[in-house]
Amino acid sequence: MTEKYVPGPVEEKWQRLWAEKRVAYVDTAAPGNEYYLLNMYPYPSGSRLHVGHGRNYILGDALYRRERMAGRKALNPMGWDAFGLPAENAAIQSGVHPREYTLANIARMKEQLNALGCLYDWSKELSSCDPEYYRWNQWLFLRMWERGLAYRKTAPVNWCPGCRTVLANEQVVDGRCERSDDLVEIRDLTQWFFRVTDYAERLLEGLDRLPHWSDRVKTMQRNWIGRSDGAEILFRVDGLTEPVRVFTTRPDTLYGATFLALAPEHPVVAQLAGRSEATRQREIEDFVERVRRESRLEREAEGGAKEGLDTGFRAVNPATGEPIPVWLANFVLPDYGTGAIMGVPAHDQRDFEFARRYRLDVRPVYRTDEGDVDGAAMTEAAPHGGVLYRSGDWDGTPSGPEAIRKAIAWLEEQGFGKGKVGYRLRDWLISRQRYWGTPIPAIHCPSCGVVPVPDADLPVRLPEDVEFRGAEGNPLEKSPAFVQTRCPKCGGPARRETDTMDTFVDSSWYYFRFLDPRDAEKIVDTARVDRWLPVDQYIGGIEHAILHLLYARFVTRVLKDMGLVNLEEPFERLFNQGMITRLNPATGKIEKMSKSRGNTVSPDELIARFGADTVRLYTLFIGPPEKESEWSEEGVLGAYRFLNRVNELCLRVEALPAEGTDGPRDGALARLTHQTIRRVTEDAAEFHFHTAVAALMEFQRGITEALDAGGETPAALRFAARTLLQLLHPIAPHITEEWWQRLGGRGFVLESAWPLYDPELATPTAVTLVVQVNGKVRGKLSMARGATESEAMAQVRADERIRSWVDGKEIMRTVFVPDRLLNLVVR
RNA sequence: GCCGGAGUGGCGGAAUGGGCAGACGCACGGGACUUAAAAUCCCGAGGGCCGCGAGGCCCGUGCCGGUUCGACUCCGGCCUCCGGCACCA
């Protein structure tokens, strides 16, 4: 009898029609229109985002459809961050070329995105492994090189033995490779870097101008940049012509500096060793070697033993003029500050531990009873224990910002140092010793040195004749056709650079390229950027909070400084969707859904059984999108049931006699309709599709009940049903298009105007007034909206039950909140 | 340790310019339809206590305290969990 909703044919039909009409394609827009550029980018060859359980695609598509219905010009492009290790590792394992593997992945993901009904503007599609894309990575690299923002240096770098490549600091998590989880080693290698530290301050202060980013992400970036204000102080060291520079945040404690400690990697250590007698020299060299062998994890582990070695040299404390010993210490890091510290044991816990272990002097500068280091422990350990070296604080100023300012002023006046800001952020290491990435456009010439590839020779293409085997290093090195070249300067034989770029270079500027991905003349079109950017809404997982989002902000500033774009912040609004979790049958724990954990649900299978609309509806209904949500099989059924109720409702509305076309002006159903429009409009604006779905479920039930009860005109019922379809469309686009057409709607729902509500009709006429006695709910009154306190009191007096709480007592006061509550305070 | 976020039924979660705690859904129980089952639809439900019953009372949003006529919401102090940072000078 009833016609059930059968998913499949309906989806196919509408996906075909949308494709024919190219509904996602909105290229040029008339001035004065509102723009909306959504951005998402997947890793087709990687494992970070997956269709079907990364909910950002469905969320983004629902958002896109809503914006479109609201009449805003929107561009919904798709880019593939297609370089990277997984494709190369697959090549090593299976022998399939990374390109083939990647293209197959892209094709499969496209199929899945289309199966979900996601509308992308495929005319704007780009892929980072396309030479026409990566040539601009190379172009950008050359411009940065010219500006001193790309450079080569030999430095201790993070080496992942599993990936057989170096990693940026950002890619090392807890001493392990972010991707392969291998323990990261420190190696000395010459590598290419981007000078992101030059932009540390601009990247930091720009965060204050991003009100639509979450505090969470902004805090993570602030921590990562890690600004600290302090001073650089010069310490004269016996036997050295140049003073050793020290960074400190507490120059006001200079009087208490009782030793100097250098990182074993500090450049002057070799000089000191060279000037020592043989035994001492060997001690120094052994110590340096031992510290260097520690892995990054060991070196950074908290509570690790503080190892040190006295060099035998003396420095001079500029404040006291007294000699202090120069030590090497494993806890002093070579790449933070200046790689050298002044040890102030009385006011720094770490320095204190070191001093106690090696029996060094401890000199308090100011009272320590409330100070930085436990006073009793210090008194016990220090030869000068508890005795104030200098009575009072800096120049009599109590320790604090004022004392620090005075100390810096004194240092500058005396020429002993100056105020300085330090950052935790390090330069971005972009070299990777792998094949599947953008070749760095540089040539090593025996006579001219490292020479840039001329622009005319771009792109430097990846060679095809490359073999992928296990453990023999970068495959590019074994391609003679690639490596052997001529020097662009002198024409002599030269070697091509074989390092490729970190894939985060690809994703740090692709959102500009979307505007015209096939522009062969220039990297970006400034006029188009002015028109479309910043990206109105960026959607991505929290895992990009530091890496990708920091690099993108950096590169945008570089492009601005080059005069190519007129903005510093590429993403106006950032939304970080939470992950979907699911019980892992193997471990019995609830874990984030991922292929590697084997707890994914197959989107293909679910779509085949329940249709794309069910999958979309459930994914959006499962919980607030910014939080994690647990996937449940039964929940999918609930979503499917709802769509079937909508189908059933539409069947009944279709069968109504044709009569009149005007929507009703008022009446209970019209009021419910306008209330629902308001709820869904407001919820969707905050991405809260889960509460929008709840409102739509109530709405469906309301219309069905109105049908059962009779009393509403067919026109009113049609109006309600069609509004339901419009509001539901961004969430379940296929079934709503189908019924929109069958119920006589014009064109696509997608192209119908988003319904507007009448504020008057959206507000209920009758309200429930809560009656409290001494703050406890004792009754409820049904009142007309806008009823006065005296009207409410009259009803209270007529209410037996409420009166029983009031009778015999004195009403001290009443609190009346119109349309909400009446509180009687009695005694 | 520092920074950020979060603690609400059996479960996912609603409700914070202070004002009916638990919308909506899942799971569960009961009923209708059916020879039966599935599917579907309807009803019920935070916990405790009183009452044959209609119904009524008390407690309840991590814990303790405060402000207020009134606190999931605001303030103070804790606890737990999640995330980030951390020998960072």
Side-chain angles (χ1 to χ4, degrees), chain A residues 2 4 173 214-228 230-231 233 246-251 253 257 261 263 299-307 329-333 335-344 347-351 353-354 422-426 542-543 545-546 617-618 621-624 626-639 641-642 644-645 648 679 683 688 690-698 701 704 767-780 801 804 812-817 819-826:
Chain A
T2 56
K4 239 183 104 114
V173 177
S214 66
D215 287 341
R216 186 180 175 199
V217 171
K218 286 191 279 191
T219 305
M220 280 164 77
Q221 292 218 356
R222 279 192 193 101
N223 284 345
W224 190 260
I225 296 167
R227 179 187 160 122
S228 52
I233 303 178
V246 154
F247 178 71
T248 176
T249 54
R250 297 292 305 278
T253 63
R299 180 99 178 249
E300 291 187 355
E302 194 181 358
K306 288 177 179 36
E307 302 285 343
N330 66 344
F331 67 86
V332 181
L333 304 175
D335 48 4
Y336 184 79
T338 58
I341 63 157
M342 62 180 200
V344 187
H347 303 287
D348 182 286
Q349 186 65 39
R350 184 200 48 205
D351 294 350
E353 281 170 32
F354 189 77
Y423 297 92
R424 203 190 79 94
L425 184 71
R426 320 272 212 274
I542 191 71
E543 70 272 22
I546 294 170
L617 181 80
Y618 179 64
F621 185 57
I622 187 169
E626 66 274 14
K627 294 214 313 207
E628 288 190 354
S629 307
E630 192 190 334
W631 187 270
S632 93
E633 316 301 317
E634 296 80 10
V636 181
L637 269 171
R641 279 199 278 265
F642 169 63
N644 272 295
R645 286 197 295 270
E648 173 73 20
R679 283 177 69 184
D683 288 348
H688 285 173
H690 65 305
T691 49
V693 171
L696 290 169
M697 286 171 165
E698 290 177 57
R701 195 181 310 163
T704 300
V767 294
T768 304
L769 194 78
V770 174
V771 180
Q772 297 183 337
V773 177
N774 286 346
K776 293 198 182 241
V777 179
R778 296 303 182 193
K780 291 165 192 179
R801 202 163 285 154
S804 69
M812 306 296 291
R813 62 180 283 207
T814 60
V815 180
F816 181 68
V817 184
D819 297 334
R820 302 212 94 149
L821 138 155
L822 175 66
N823 188 12
L824 307 173
V825 187
V826 303

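Hydrogens, waters and symmetry mates are skipped; everything else that's a heavy atom, side chains included, is used. Note that the structure is a prediction, hence the values are computed from the model and not measured. Letters A, B, ... are given to chains in the order of the sequence lines, protein chains preceding strands, and every chain is numbered from 1.
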Which part of the nucleic acid does [X] contact within heavy-atom distance under 4.0 Å: base, sugar-phosphate only, or nothing?
{"X": "S228(A)", "answer": "sugar-phosphate"}
{"X": "V777(A)", "answer": "sugar-phosphate"}
{"X": "Q772(A)", "answer": "base"}
{"X": "R227(A)", "answer": "nothing"}
{"X": "R641(A)", "answer": "sugar-phosphate"}
{"X": "V815(A)", "answer": "base"}

Looking at the side chain of [X], which of [options] is the nearest nucleotide?
{"X": "R216(A)", "options": "G4(B), G70(B), C87(B)", "result": "G4(B)"}
{"X": "F247(A)", "options": "C87(B), C69(B), A89(B)", "result": "A89(B)"}
{"X": "V817(A)", "options": "C24(B), G19(B), C57(B)", "result": "G19(B)"}
{"X": "E634(A)", "options": "A89(B), C3(B), A27(B)", "result": "A27(B)"}
{"X": "V825(A)", "options": "A23(B), C69(B), A14(B)", "result": "C69(B)"}
{"X": "N823(A)", "options": "C69(B), A27(B), C87(B)", "result": "C69(B)"}
{"X": "M220(A)", "options": "C26(B), G84(B), C24(B)", "result": "G84(B)"}
{"X": "L333(A)", "options": "G84(B), G25(B), C87(B)", "result": "C87(B)"}
{"X": "T691(A)", "options": "C24(B), A14(B), C85(B)", "result": "A14(B)"}
{"X": "R645(A)", "options": "G25(B), C69(B), A89(B)", "result": "G25(B)"}

field: Backbone N/O of G343(A) and side chain of D348(A): donor-acceptor pair under 3.5 Å
entry: no
- request: Using modelled atom types only, decide if a donor and an acceptor are shared between the side chain of N823(A) and the backbone of V815(A) within a distance under 3.5 Å.
  value: no
message: Dot-bracket for RNA chain B, please. Rules: Watson-Crick or G-U, both distances under 3.5 Å, ( ) within the strand, [ ] when a pair crosses earlier ones, | for another strand, . otherwise.
response: (((((((..(((......[....))).(((((.......))))).(((((....)))))..(((((..]....))))))))))))....
Glycosidic class, syn or anti, of G9(B) using a 90° window around 0: syn
Measure from [atom1] on [X] to [atom2] on [N] and round the result to the nearest Å.
{"X": "Y618(A)", "N": "G25(B)", "atom1": "OH", "atom2": "C1'", "answer": "9 Å"}
{"X": "R222(A)", "N": "C88(B)", "atom1": "CZ", "atom2": "C1'", "answer": "19 Å"}
{"X": "E648(A)", "N": "U40(B)", "atom1": "CD", "atom2": "C1'", "answer": "9 Å"}
{"X": "N223(A)", "N": "G5(B)", "atom1": "CG", "atom2": "P", "answer": "12 Å"}
{"X": "E698(A)", "N": "A15(B)", "atom1": "CD", "atom2": "C1'", "answer": "12 Å"}

statement: The residue, L821(A) or M342(A), whose nearest nucleotide of RNA chain B is more 5′ is L821(A)
- request: Would you kindly compare G638(A) and G337(A) by the position of their nearest RNA chain B nucleotide and give the one closer to the 5′ end?
  value: G638(A)
Does [N] have OP1 or OP2 under 4.0 Å away from a side-chain N or O of [X]?
{"X": "R701(A)", "N": "G25(B)", "result": "yes"}
{"X": "R813(A)", "N": "C69(B)", "result": "yes"}
{"X": "H690(A)", "N": "C24(B)", "result": "no"}
{"X": "K776(A)", "N": "C59(B)", "result": "yes"}
{"X": "R679(A)", "N": "A15(B)", "result": "no"}

query: Is R350(A) side chain donor-acceptor paired with the A89(B) base, going by distance under 3.5 Å alone?
result: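 Pair found.
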- request: Could you work out the separation of G4(B) and A89(B) based on their C1' atoms and round it to a whole Å?
  value: 24 Å
message: For the C1' atoms, the ones on C42(B) and on C33(B), what distance do you get once it is rounded to whole angstrom?
response: 11 Å
For nucleotides 7-12 of chain B, tabulate all protein N/O to nucleotide N/O atom pairs closer than 3.5 Å, reporting atom names and distance.
from   : atom 1 : to      : atom 2 : distance (Å)
G12(B) : O2'    : I622(A) : O      : 2.7

